[in-house]
**Student:** 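So that we are looking at the same thing, I have put the structure below in structure tokens.
Please read all numbers here as calculations on a predicted model, not as lab measurements.
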There are 2 protein chains.
Amino acid sequence: MPAEQRQKQLLGVARKLFLKKGYRGTTVEEIVRKAHLTKGAFYYHFNSKEDILLAIFKETSERFYRAFEAVSKPGARPNDFLMTLLSIHKASNLAESRNMVDIWTQGTRIPKIHRYLEKRHQQGIEMFTDCLDRSYGRTRKERRELAIFTFSFYEGLAVRKARWPKVVDIESQLKLFSRLVETLRQGETAKGKSHHN
Amino acid sequence: MPAEQRQKQLLGVARKLFLKKGYRGTTVEEIVRKAHLTKGAFYYHFNSKEDILLAIFKETSERFYRAFEAVSKPGARPNDFLMTLLSIHKASNLAESRNMVDIWTQGTRIPKIHRYLEKRHQQGIEMFTDCLDRSYGRTRKERRELAIFTFSFYEGLAVRKARWPKVVDIESQLKLFSRLVETLRQGETAKGKSHHN
DNA sequence: CTGTTAATACCGACCGGATGGTATGTATAA
DNA sequence: TTATACATACCATCCGGTCGGTATTAACAG
């Protein structure tokens with residue numbers, strides 16, 4: 001009944017429906033029906049359908065960002081970031097959703113949301129780059145390239161897993177990624193073996 | 001005026017519009033307007049809007065598949081496949097389109113299209129795996145994992161490039177990918193240096 | 001304690017524009 | 001005359017958003 005609580009409830013319901021049926025595939029009518037309310041209530045709490053989408057994006061994006069901050073300690077490894085991305089991905093119920101990408105696309109079509117996400121994305125990359133252990137690349141440019149590589153791979157893995165769940169095995173892919181990336185390390189051959197685990 | 005020609009024309013127009021504005025963002029009315037026709041004509045040549053989407057998918061998918069066949073020679077390298085994927089991607093005008101993923105998602109929602117694409121996707125992976133040079137992995141399982149890795153990275157790269165064009169530099173990412181993957185090769189250290197370029 | 005006012009939270013009928021699809025008619029060519 | 005390749009008008013439905021109204025509660029005045 002209090003506004004804040006209702007908004008959270010509606011956010012939760014909308015989020016579930018969007019993930020299940022996509023943004024356009026979900027009607028405002030459905031959202032309020034599932035929340036045992038009516039459209040009047042919805043438009044009392046939100047200005048538009050896009051508005052609630054933005055709210056959902058901010059929520060999720062913030063979750064990613066905070067988790068990212070937690071891993072961002074000096075000497076971090078690409079694998080740490082990738083695993084963080086994947087764990088948040090899973091915890092946010094994005095994992096089972098084939099519509100995740102659809103919602104993302106819808107989001108980036110809306111200027112306000114697009115700007116917000118771009119900013120967050122940039123911050124993520126820079127944070128990643130700055131914390132990455134020096135042994136993964138001599139120059140900052142090299143390490144930044146590796147950051148983007150990791151992000152790209154995460155995204156591709158997520159998209160592919162959502163689309164063909166049976167084909168992709170996340171665990172194996174993670175191992176392969178780790179194995180490949182670890183070969184980048186220089187001057188760590190001596191102490192390297194005792195370095196991970 | 002002849003049916004076959006008209007269908008190709010409509011396919012071309014629809015394809016452009018879908019890439020520009022997304023599937024749902026494009027109306028049948030727009031398609032026929034741009035082709036200087038009317039809806040009557042459209043529904044004479046196609047059964048539905050989904051029908052023309054399926055046709056477009058088959059067209060594109062076939063292009064990918066044939067290009068893949070061309071690269072699939074024994075001893076192939078992951079980089080060859082990745083470059084092929086990216087070149088077709090570009091040649092099919094997917095590169096500039098932020099809606100590519102949207103269309104894909106829309107496509108996989110339609111059972112008929114989903115089945116078709118899944119089959120093609122599987123074939124691609126198996127073909128890739130079978131041709132991959134033995135030095136990239138001892139067991140077939142290992143090489144298959146690498147194939148999926150390559151596919152995933154391609155997809156992630158494409159998605160990311162479409163979304164944040166300024167951030168992602170395809171060339172650098174390709175180089176990094178190549179460098180990483182080449183470290184997998186075993187027993188090629190002696191003659192390895194003269195092997196690529 | 002009572003009456004008035006006002007803000008909050010919500011209902012439900014309705015609007016209006018968009019849009020996929022259809023039905024009917026028609027010009028042209030074989 | 002018959003099939004092809006369209007045009008035109010129209011339908012049915014969906015859906016985001018609006019708007020007038022209302023129940024509830026709280027604050028405050030008399």
Side-chain angles (χ1 to χ4, degrees), chain A residues 1-57 99 102-103 105-114, chain B residues 1-57 99 102-103 105-114:
Chain A
M1 265 196 175
E4 203 177 337
Q5 200 174 326
R6 261 287 134 77
Q7 283 170 26
K8 277 188 185 172
Q9 180 201 359
L10 285 169
L11 273 173
V13 173
R15 179 194 184 76
K16 272 187 192 169
L17 283 172
F18 286 166
L19 284 173
K20 189 176 174 189
K21 318 177 70 177
Y23 176 73
R24 301 210 204 184
T26 304
T27 68
V28 175
E29 186 60 38
E30 276 178 300
I31 298 173
V32 295
R33 197 189 309 142
K34 210 165 183 181
H36 303 290
L37 292 170
T38 62
K39 272 203 216 174
F42 182 91
Y43 283 96
Y44 175 75
H45 293 289
F46 296 96
N47 294 323
S48 64
K49 197 184 168 189
E50 285 187 356
D51 203 41
I52 203 174
L53 183 63
L54 173 61
I56 291 173
F57 263 104
N99 296 302
D102 165 80
I103 301 173
T105 309
Q106 190 59 38
T108 50
R109 248 199 275 268
I110 299 161
K112 208 195 287 183
I113 299 184
H114 188 269
Chain B
M1 267 197 174
E4 203 178 338
Q5 200 174 326
R6 261 289 133 77
Q7 283 169 26
K8 278 189 182 171
Q9 181 201 359
L10 284 170
L11 273 174
V13 173
R15 178 195 184 74
K16 272 187 193 169
L17 283 171
F18 286 166
L19 283 173
K20 190 176 174 189
K21 318 177 68 176
Y23 176 72
R24 302 211 204 183
T26 304
T27 68
V28 175
E29 185 60 39
E30 276 178 300
I31 297 174
V32 295
R33 197 188 310 142
K34 209 165 185 182
H36 303 289
L37 291 170
T38 61
K39 274 208 229 174
F42 183 91
Y43 282 96
Y44 175 76
H45 293 290
F46 296 96
N47 294 323
S48 64
K49 196 184 168 188
E50 284 187 357
D51 203 42
I52 203 174
L53 182 63
L54 174 61
I56 291 173
F57 263 104
N99 296 302
D102 167 79
I103 302 172
T105 309
Q106 191 57 38
T108 50
R109 248 199 275 269
I110 299 162
K112 208 194 289 184
I113 299 184
H114 189 268

**Student:** Measure the distance from CZ on A/Arg33 to C1' on D/dC14 and round it to the nearest whole Å.
**Tutor:** 13 Å
**Student:** Between C/dG20, D/dG17, D/dA7, spot the one nearest the side chain of B/Thr27, thanks.
**Tutor:** C/dG20
**Student:** Name the closest nucleotide to the B/Lys49 side chain, picking from C/dG21, C/dA9, D/dG17.
**Tutor:** C/dG21
**Student:** From OH of A/Tyr23 over to C1' of D/dG16, roughly how many Å is that when rounded to an integer?
**Tutor:** 9 Å
**Student:** Can you tell me how far the CZ atom of B/Arg15 sits from the CD1 atom of B/Ile103, to the nearest 0.5 Å?
**Tutor:** 8.5 Å
**Student:** If you assign each of A/Gly40 and A/Tyr44 to its closest nucleotide in DNA chain C, which residue comes earlier from the 5' end?
**Tutor:** A/Tyr44
**Student:** So, is B/His45 close to the D/dC6 phosphate, meaning a side-chain N or O under 4.0 Å from OP1 or OP2?
**Tutor:** yes
**Student:** Whole angstrom is fine here: how far is it from CZ in B/Phe46 over to C1' in C/dG20?
**Tutor:** 16 Å
**Student:** Rounding to an integer number of Å, can you tell me how far B/Leu37 CG sits from D/dA5 C1'?
**Tutor:** 10 Å
**Student:** Less than 4.0 Å between a side-chain N and a carboxylate O, is that true for B/Glu30 and B/Lys21?
**Tutor:** yes
**Student:** Could you give the CG-to-P distance, from A/Leu53 to D/dG16, as a whole number of Å?
**Tutor:** 13 Å
**Student:** Looking at B/Lys39 and C/dG20, is any side-chain donor or acceptor paired with a base atom of the opposite kind under 3.5 Å?
**Tutor:** yes
**Student:** Quick one: A/Arg24 CZ to D/dC14 C1', roughly how many Å, whole number?
**Tutor:** 14 Å
**Student:** Taking all non-hydrogen atoms of both residues, which atom of B/Asn99 and which atom of A/Thr105 are closest, and how far apart?
**Tutor:** OD1-CG2, 4.4 Å
**Student:** Looking at A/Tyr43, I'd like to know if the NZ or CZ of A/Lys49 sits under 6.0 Å from its six-membered ring centre while staying within 45 degrees of the ring's axis.
**Tutor:** no
**Student:** Phosphate oxygens OP1/OP2 of D/dC6: is one of them under 4.0 Å from a side-chain N or O of B/Arg6?
**Tutor:** yes
**Student:** Of the candidate nucleotides D/dT8, C/dT22, D/dG17, which contains the atom at the shortest distance from the side chain of B/Tyr43?
**Tutor:** C/dT22
**Student:** Is there a donor-acceptor pair under 3.5 Å between the side chain of B/Tyr23 and the backbone N or O of B/Glu50?
**Tutor:** yes
**Student:** Would you kindly give the CD-to-P distance between A/Glu29 and D/dG16, to the nearest whole Å?
**Tutor:** 9 Å
**Student:** Whole-Å distance between D/dA5 C1' and B/Leu10 CG?
**Tutor:** 12 Å
